[in-house]
Amino acid sequence: MKHKLKLNIKERYIQSLLPWAVPLLIVLLWQLFSSMGWIPNRILPAPLEVINAALKLANSGALGRNIGISAARAIAGFLIGGSIGFALGLLNGISTLAEKLFDTSIQMLRNIPNLALIPLVILWFGIGDTSRIFLISLGVMFPIYLNTFHGIRNVDSGLIEMGKVYGLNTWGLFWQIVLPGALSSILVGVRYSLGIMWLTLIVAETIGADSGIGYMAMNAREFLQTDVVVLSILLYAAFGKLADTVARILENYCLQWHPNYQKI
């Protein structure tokens, strides 16, 4: 029994490390080729130089400050846009009349690239945080809207009829059947929106910003600090992975009842 338990722990440990094998191999090859001079330092600094740049910025306090500002912008935009998208998805998914009134307008707005609105947004809000949060909100709203709408409309009608037979009222049907049935699709929209959130923030922070990771990268470009530029890119990648991991944990927690999310 103890032997089987040790094997299971070891297997889980290996499974948790396996996704990081390819990124780790890339970093090792990157460092090796840089040390051999195959990758010029002015084009792509070695990983150790990037780490040194991160330590210097951390000691000065600039790294933590810019990360905090970028994270605050991203979270604010996600909460605003996600809430609006979720509410519209619920409304249009439940009500056919609401779908006829609003869905066409939403689809027209969805097909306008949110980054193409940057000149107009700057005229509306200036170059402050309001414009950045607006762009992030707009970017994350549509995936959550579409997946919420799709999830609501694809709930098994047989389950709804069964709920009515058992005497559930409208709210009971929504909380016990409709929302749980749509939750898988909604959380897919959340994961997709988290990626768009960081992509939008990258662009938004390179336009007239005076703080944040994007500003740090643009400022480093002016002084030809390639290591800081690479560090900024890696930070965006790391936070994107972190956001996706949080979304996966949320999926596993909220969908414990779903057969596809049950651990064997």
Side-chain angles (χ1 to χ4, degrees), residues 57 60-92 98 101-149 186-187 189-223 228-229 231-244 246-247 250:
L57 288 170
S60 68
L63 184 62
R65 182 176 64 254
N66 286 315
I67 287 176
I69 291 171
S70 290
R73 290 168 179 162
I75 293 170
F78 179 81
L79 291 177
I80 295 171
S83 299
I84 295 172
F86 179 69
L88 289 173
L90 284 180
L91 179 64
N92 291 355
L101 287 173
F102 302 119
D103 186 66
T104 299
S105 300
I106 293 172
Q107 297 303 329
M108 291 172 66
L109 288 173
R110 183 175 70 87
N111 286 286
I112 301 173
N114 60 328
L115 297 180
L117 296 174
I118 288 177
L120 186 59
V121 171
I122 290 175
L123 290 175
W124 286 347
F125 305 113
I127 57 174
D129 279 354
T130 303
S131 60
R132 298 181 188 96
I133 293 173
F134 177 85
L135 288 170
I136 296 168
S137 301
L138 196 63
V140 305
M141 181 179 74
F142 298 115
I144 293 180
Y145 164 76
L146 285 174
N147 282 274
T148 302
F149 177 79
I186 294 169
L187 290 174
V190 169
R191 288 184 66 185
Y192 187 59
S193 293
L194 286 170
I196 293 179
M197 174 186 76
W198 289 109
L199 289 173
T200 307
L201 181 66
I202 292 171
V203 178
E205 285 192 335
T206 58
I207 302 172
D210 57 1
S211 58
I213 300 174
Y215 163 76
M216 190 170 68
M218 296 300 291
N219 190 54
R221 186 202 65 179
E222 296 293 331
F223 294 97
V228 178
V229 175
L231 172 64
S232 302
I233 295 170
L234 293 177
L235 284 173
Y236 280 124
F239 282 115
K241 174 60 179 176
L242 177 62
D244 187 70
V246 171
L250 185 63

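These numbers come from a predicted model, not from an experiment. Numbers for residues simply follow the sequence, beginning at 1.
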Visitor: Quick check: do Ile133 and Phe125 have side-chain heavy atoms less than 4.5 Å from each other?
Guide: no
Visitor: Is any side-chain heavy atom of Leu63 less than 4.5 Å from a side-chain heavy atom of Leu235?
Guide: yes
Visitor: Nearest heavy-atom pair of Gly189 and Ile144: which atoms, and what distance?
Guide: O-CG1, 3.8 Å
Visitor: Closest approach of Pro143 and Gly139, non-hydrogen atoms and distance?
Guide: CD-O, 3.4 Å
Visitor: Angle between ring planes, Phe239 versus Trp198, binned at 30° and 60°: parallel, tilted or perpendicular?
Guide: parallel
Visitor: Nearest 0.5 Å please: distance from the CG atom of Leu146 over to the CG atom of Asp103.
Guide: 8.0 Å
Visitor: Dump the intermediate steps for side chain to side chain contact (heavy atoms under 4.5 Å, CB included) on Leu109 and Phe142, then the final yes or no.
Guide: CA-CA 9 Å; Leu109 288 173; Phe142 298 115; 3.9 Å; yes
Visitor: What's the verdict on side chain to side chain contact (heavy atoms under 4.5 Å, CB included) for Val203 and Leu135, showing C-alpha distance, side-chain angles and the deciding distance?
Guide: CA-CA 10 Å; Val203 178; Leu135 288 170; over 6 Å; no
Visitor: Rounded to the nearest 0.5 Å, how far does CG of Leu123 lie from OG of Ser131?
Guide: 11.0 Å
Visitor: Counting only pairs under 3.5 Å, give me each side-chain donor-acceptor contact of residues 71-86, with atom names and distances, residues two or more places apart or in other chains.
Guide:
residue	atom	partner	partner atom	Å
Arg73	NE	Asp129	OD1	2.8
Arg73	NH1	Glu205	OE2	2.8
Arg73	NH1	Ser211	O	3.0
Arg73	NH2	Asp129	OD1	2.9
Arg73	NH2	Ser211	OG	2.9
Ser83	OG	Leu79	O	2.6

Visitor: So does Ala247 get a backbone contact from the side chain of Arg191, meaning a donor-acceptor N/O pair under 3.5 Å?
Guide: no
Visitor: Name the atoms and distances for all side-chain donor-acceptor pairs under 3.5 Å in residues 212-219, with sequence neighbours left out.
Guide:
none

Visitor: Return yes if some donor-acceptor pair links the side-chain N/O of Thr200 with the main-chain N/O of Ile136 below 3.5 Å, else return no.
Guide: no
Visitor: To the nearest 0.5 Å, how far apart are CG in Asn66 and OG in Ser232?
Guide: 8.5 Å
Visitor: Looking at CD1 of Ile202 and CE of Met197, how far apart are the two atoms once the value is rounded to the nearest 0.5 Å?
Guide: 10.5 Å
Visitor: When you look at Thr148 and Leu90, which way does the side chain to side chain contact (heavy atoms under 4.5 Å, CB included) test go after all the steps?
Guide: CA-CA 6 Å; Thr148 302; Leu90 284 180; 4.1 Å; yes
Visitor: Which heavy atom of Phe149 sits nearest a heavy atom of Asn92, and at what distance?
Guide: CE1-O, 3.3 Å
Visitor: Other residues, nucleotides and ligands only: do more than 12 of their heavy atoms fall within 6.0 Å of OH on Tyr192?
Guide: no
Visitor: Do side-chain atoms of Ser60 reach the backbone of Leu57 as a donor and acceptor pair under 3.5 angstrom?
Guide: yes
